K.L.:
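Submitted below is the structure of interest, expressed as structure tokens.
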Amino acid sequence: MTRVEVRADGPPLIDGYRAAVGDMALRSLEGLARRLRGHRVVMVNSTATGGGVAEILHRLVRLMNELGVPTTWEVMPGDARFYAITKTIHNTLHGWPGTLSASDHEYFHEVNRRAAAALALDGDLVLIHDPQPAGLVLHRREPGQHWVWRCHIDLSSAEPDVWSFLAPIVGRYDAAVFSHISFVPSLDVPAYLVPPSIDPLSEKNRELSDDEMEGLLAPLGLPARRPWVTQVSRFDRIKDPVGVIEAFLVMRRREDAHLVLAGGSADDDPEGAEVLAEVRAKAGSRSDITIALLPPDAHLTINALQRRSSVVVQKSLREGFALTISEALWKRRAVAASAVGGIPLQVLHDRTGLLVRSVPGCAAAMTRLLRSPDLRRRLGIEGREHVRHNFLHPREARDYLAIFARLVSAAESRAA
Ligand code: UDP
């Protein structure tokens, strides 16, 4: 099975979004959907759970269907060798050291070729997310389709050899989409900018009552009287969980607080167990650090954790965007986060959070936030408005439909 069936229970998403962003913000989305009614979209990525892309697709696919644009979601099958190769591609595109061998190149193409035969790629728009399934474009068969590559990675310091393997593949698409202008490489195809977004209605982000939160958090056994400083992330070196502990230990010399590192793994991430072991070794037997290993569907627990934390940290070393930050800002949380990748789109320094660049900087920001409830409140209020205007799903859906409408119009005028 390659198709993901998205849950479509409860009232229409669009009604809830109207309450969150207002009628005006939905008008262009609904207009574009009317223009594209009946055109079919296929989304493709490499995992149905774990990581930000899967998080987005579960709701965006449902929203597009509600809007009358039939949309399906295909997950590319892979194996351990393929995921090891694509993890290297992911890390090196983010500027991490690493190389691919000629046989890695061949295997990447081989898995993509097999997947092209297995997946239902029969949309008018095929939107391919990230490098893993990028090679599918080499097997496009149906004339009249539009193929778009959606890159969630910060390519600004991409390892040149790995990028030169991928660049000719990306050159076969009709357009490419990036989260930020600084990520856009030199390309022969049109590039569009679409930052990611979160769902204000999902289990991850909806309002919770005090009783619900208590019930959800009780199993974690966190101290009630100390403020919590929390990072929610897959156990990945790029998220620097060990650096979070280092910053916490510096901050802890001056402040009383409890650190929570909450995370799980993603199906396409082979390094999680290794990184988790490093984190456990660093935390040792300290009673003021909780490492919460969560199942992939622990959305409500993460929601409650973010809401109950005094400070949310995202000390990533590289980052495409970090949905976790929009999630925290939407909950009016005070955020301390690294000034890397797409994070500064969300964290406007001293307005919606504090940006940091180092372990001591992170420790200082945590300290400042813990000491000032007024500052936390001010940043939280502005952070929520920033997310409301820029980083909720209706805006991302509108951006995709606008690109799609442009491709369709260009094809229609070529045919006329
Ligand atoms: N997440 C989760 N469980 C975890 C860790 C993360 O549900 O154990 C969620 C997190 O709340 C966010 C997404 O997965 O919605 C991660 O997206 P982000 O852009 O922050 O990072 P990525 O993992 O895509 O690099």
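Both counts, for ligands and for their atoms, begin at 1 and track the order of listing. Computation of the quantities below employed the complete heavy-atom set of this structure, encompassing side-chain atoms and omitting hydrogens, waters and symmetry-equivalent molecules. Here the structure is a predicted model, which means the values were calculated and not measured.
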K.L.:
In the protein, which heavy atom is nearest to atom 23 (O) of ligand 1, and how far is it?
P.N.:
R234 NE, 2.7 Å

K.L.:
Any carboxylate oxygen within less than 4.0 angstrom of a Lys/Arg side-chain nitrogen, looking at E212 and R307?
P.N.:
no

K.L.:
I'd like to know whether the aromatic ring centres of F165 and H109 sit less than 6.0 Å apart in this structure.
P.N.:
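So the answer is yes for these two rings.
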
K.L.:
With a 4.0 Å cut-off, would you call R252 and D288 a salt bridge?
P.N.:
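Salt bridge flag = yes for D288 with R252.
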
K.L.:
Which residue supplies the protein heavy atom nearest to atom 6 (C) of ligand 1, what is that atom called, and how far is it?
P.N.:
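Answer for atom 6 (C) of ligand 1: V232 CG1, 4.0 Å.
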
K.L.:
Just by distance, with hydrogens left out, do D79 and Y107 show a side-chain donor and acceptor under 3.5 Å apart?
P.N.:
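A donor-acceptor contact under 3.5 Å links the two side chains.
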
K.L.:
Does S233, backbone or side chain, put an N or O under 3.5 Å from an N or O of ligand 1?
P.N.:
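Between S233 and ligand 1 (N or O atoms, distance only) the closest approach is not under 3.5 Å.
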
K.L.:
Answer with yes or no whether the side chains of T86 and Q132 bring together a donor and an acceptor at under 3.5 Å.
P.N.:
no

K.L.:
With backbone taken as N, CA, C and O and side chain as the heavy atoms from C-beta onward, which portion of Q314 lies under 4.0 Å from ligand 1: side chain, backbone, both, or neither?
P.N.:
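The answer is neither; Q314 stays 4.0 Å or more away.
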
K.L.:
For ligand 1, is any non-hydrogen atom under 4.0 Å from K239's backbone (N, CA, C, O), its side chain (CB onward), both, or neither?
P.N.:
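Contact part for K239 vs ligand 1: side chain (C-beta onward).
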
K.L.:
Give the atom numbers and elements of ligand 1 that come within less than 4.0 Å of a heavy atom of E327.
P.N.:
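What qualifies from ligand 1 is 10 (C), 11 (O), 12 (C), 15 (O).
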
K.L.:
Does only the side chain of I302 get under 4.0 Å from ligand 1, or the backbone, or both, or neither? Count heavy atoms.
P.N.:
side chain

K.L.:
With atoms numbered from 1 as shown, which atoms in ligand 1 lie under 4.0 angstrom from a non-hydrogen atom of K204?
P.N.:
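By the 4.0 Å cutoff, the relevant atoms are 2 (C), 7 (O), 9 (C), 10 (C), 11 (O), 15 (O).
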
K.L.:
Just by distance, with hydrogens left out, do E255 and T367 show a side-chain donor and acceptor under 3.5 Å apart?
P.N.:
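No, no side-chain donor-acceptor contact under 3.5 Å.
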
K.L.:
Taking distance alone, with no angle check, do P296 and ligand 1 share an N/O pair under 3.5 Å?
P.N.:
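It does not: no N or O of P296 is found under 3.5 Å from an N or O of ligand 1.
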
K.L.:
Would you say ligand 1 has an N or O under 3.5 Å from any N or O of G52?
P.N.:
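The answer is yes, given that G52 and ligand 1 share an N or O pair closer than 3.5 Å.
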
K.L.:
Does the N or O separation between L323 and ligand 1 drop below 3.5 Å for any pair?
P.N.:
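Yes - when backbone and side-chain N and O of L323 are compared with those of ligand 1, one distance drops under 3.5 Å.
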
K.L.:
Which of the numbered atoms in ligand 1 are below 4.0 angstrom from a heavy atom of G264?
P.N.:
4 (C), 8 (O)

K.L.:
Could you check if a side-chain atom of V194 sits within less than 4.5 angstrom of a side-chain atom of E396, using non-hydrogen atoms only?
P.N.:
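V194 vs E396: side chains touch.
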
K.L.:
Under 3.5 Å, is there a donor on one side chain and an acceptor on the other for T352 and E382?
P.N.:
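T352 vs E382: no donor-acceptor pair found between side chains.
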
